[in-house]
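Beneath this line is the structure, given in structure tokens, with notes to follow.
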Number of protein chains: 2
Amino acid sequence: MTPPPAPSDAVAIELNAVLVALTANQPLVLTLEDGTLLPSGPFATEHPTLQSGLRAWVERQTNHPLGYVEQLYTFADRNRPGSDGRQRVVSISYLGLTRERLSAGARDPEWRSWYRYFPWEDWRTGPAPLIAGTILPRLAPWVDAGADAGNRRERQQRVEVSFGDGRESWNEDLVLQRYELLYEAGLVPEAKHPAADPVPGMPMRHDHRRILATGIARLRAKIKYRPVFFELMPPEFTLLQLQRAVEALAGRPMHKQNFRRLIDAQGLVEPTGASTAEARGRPAKLFRFRREVVLERAVVGSKLPLSRPI
Amino acid sequence: MTPPPAPSDAVAIELNAVLVALTANQPLVLTLEDGTLLPSGPFATEHPTLQSGLRAWVERQTNHPLGYVEQLYTFADRNRPGSDGRQRVVSISYLGLTRERLSAGARDPEWRSWYRYFPWEDWRTGPAPLIAGTILPRLAPWVDAGADAGNRRERQQRVEVSFGDGRESWNEDLVLQRYELLYEAGLVPEAKHPAADPVPGMPMRHDHRRILATGIARLRAKIKYRPVFFELMPPEFTLLQLQRAVEALAGRPMHKQNFRRLIDAQGLVEPTGASTAEARGRPAKLFRFRREVVLERAVVGSKLPLSRPI
DNA sequence: TAATTAATACTCTCAATGAGCATTAATGAG
DNA sequence: CTCATTAATGCTCATTGAGAGTATTAATTA
């Protein structure tokens, strides 16, 4: 029962990073090689911890501090191609939020909107037409191709939960489930037996688009109970800019008055006193985040009918 | 910018498991070596994925299927003792839920209540007296020993967020934060410079108590939006047994009527028709879970002021 | 038949959420 | 100077869910 840990066969540790920034209301992710790869590199042994290794490596590359880092997932499911099959790759992926972007217009590395990879995830101007127009019709034959009635029912249910009906009942957190569904149905080029005519959305090499989906899903879930979007904003910003930023991440439009009510109720920001003089109309007041509240906001809501302890 | 992945120096992959079961309203965790270790073992290269490796290994040991598996965290922060310092250990930890327990009364492996390791986490019969009686008084000097006023304020805030005032405002999800706070304050034996007289609660070797805290925290958070406690219950159970099970995990008492209202509203269970004939009074009806709803229940609630997409 | 245990039936309050309508404020273009 | 333009506010309203409490009914066994 207690097998003493022994060295495995040859193993390479690889770090993958989903680095997110925001510019002009677009959620950006750092990519390499013409947008086909996420930044990744070997884990250098001189670093005491994985996070410090990642942080050092990213900051050296981008010349900007990494505001927030969070581990995403560890995969160990593939072998290094070209090796004799015993060289296993363990890839540990991270989500990182950063405020500034690298040299603009660079070709490699390049910041790209994540909606280029997941066009069906952008519901900011209403339901993504891609879903009702293309995805649901393409998924229908896959549902019908289920082995038996039970399998078909299960597939149907998965489609409904992930994509809804294409017009309402959209859950923006299910980014990974949606990608995996399309993968299984062979509708993305990365699939094992891809359809000749995949669904729109740029693919990536290896499992990098899957890792990106994991990162987006994690971030979308996180902003609901922790104000991590702090790390993506400039030091001063208007409330409308903040709203647009959250909308860019969540992929959904928000109700302006309610958004302000919420931000206000949580005491997340304070006015700097200054205003913008952007365009024609009334200038917007500038705000900054109140760093102090970050700690307080560790509180989360519960969905269980708790009793007050006696 | 794109360093080609290369094999690291010698690396050993180790799997750690937090295996949870429930008996007699106690949340149990599988331990080894007189309760000082979590089950762990090397990652065998013949397994295609990490999860299948863990699953196979656990099921071989316990002769019971593993109902639910979830990755917890990957640590790579220590070196194998006795090696030349280049042999790095990457430990990947998992949470697993299982329905049945291994041979009862066995000494090793042994199922133990997790509240032996974290006695302050059990608020089922009211605030854990340990907190107001011992922990808060012992943390006070640590707060006062902060380097400067700002540091002291930050420490004070961390104590308040993690432990509340010891009587109310308890957030049961912050298991890991609380353990880490005690660790930093030197109040657990595992700390780097432990106090001569640590706080009650059984320690573990290496960082295993930390991993256990991570698992408990994850499970407590999860049951609020996904009915994973399915996997811990016998095939048939009464609603009161179910309530006691959830209370055991959450470490808090619940309001009976509201608990039933919630279970009912979600359509999680259906009556089997049978009843128990346990003790004196009215027998309780037996229920079973409706497996069908697991998929549907992927829906989560949002805390952002979303607008209905146009 | 009474004690015992489990299960129900309701009610009430409070806070949060999603939504809508209307109005005020401060600019720059002309 | 005034007017279109953009941003910000002020309110109201309905609905829902959570937390809590009181009282009553049901089915057993000692």
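Quick caveat, the model's predicted, so the values are computed rather than measured. In what follows, chains carry the letters A, B, and so on, assigned in the order in which the sequence lines appear, proteins first and then strands, with residues in each chain numbered from 1.
Toward the 5′ end of DNA chain D lies the nearest nucleotide of L239(A), the other residue of the pair L239(A) and Q257(B) mapping further downstream.
Rounded to whole angstrom, the span from the CG atom of L240(A) across to the C1' atom of dT9(D) amounts to 14 Å. Rounded to whole angstrom, the span from the CG atom of L286(A) across to the P atom of dA7(D) amounts to 13 Å. Straight-line distance from the CD atom of Q266(B) to the C1' atom of dT16(D): 15 Å, rounded to whole Å. Per the geometry, NZ belonging to K256(B) stands 19 Å off P belonging to dG19(D), to the nearest Å. For the pair F259(B) CZ and dA9(C) P, the interatomic distance rounds to 17 Å; values are reported in whole Å. Per the geometry, CE belonging to M254(A) stands 13 Å off P belonging to dT17(C), to the nearest Å. For K285(B) and dT5(C), the NZ to C1' distance is 14 Å, given to the nearest whole Å.
Among dT17(C), dG18(C), dG20(C), the nucleotide with an atom closest to any side-chain atom of L262(A) is dT17(C). Side chain of R261(A), nearest nucleotide from dA19(C), dA23(D), dC21(C): dA19(C). Side-chain proximity of A284(A) to the nucleotides dG18(C), dA8(D), dT28(D) is greatest for dA8(D).
The closest side-chain heavy-atom distance from L249(B) to W114(B) is below 4.5 Å.
Remark: R220(A) fails to qualify as a cation-pi partner of W170(A) under the 6.0 Å distance and 45° angle criteria applied to the six-membered ring.
Remark: of the listed residues W123(B), F118(B), Y117(B), F118(B) is the sole one forming a ring pair (Phe, Tyr, Trp, His ring centres under 6.0 Å) with W120(B).
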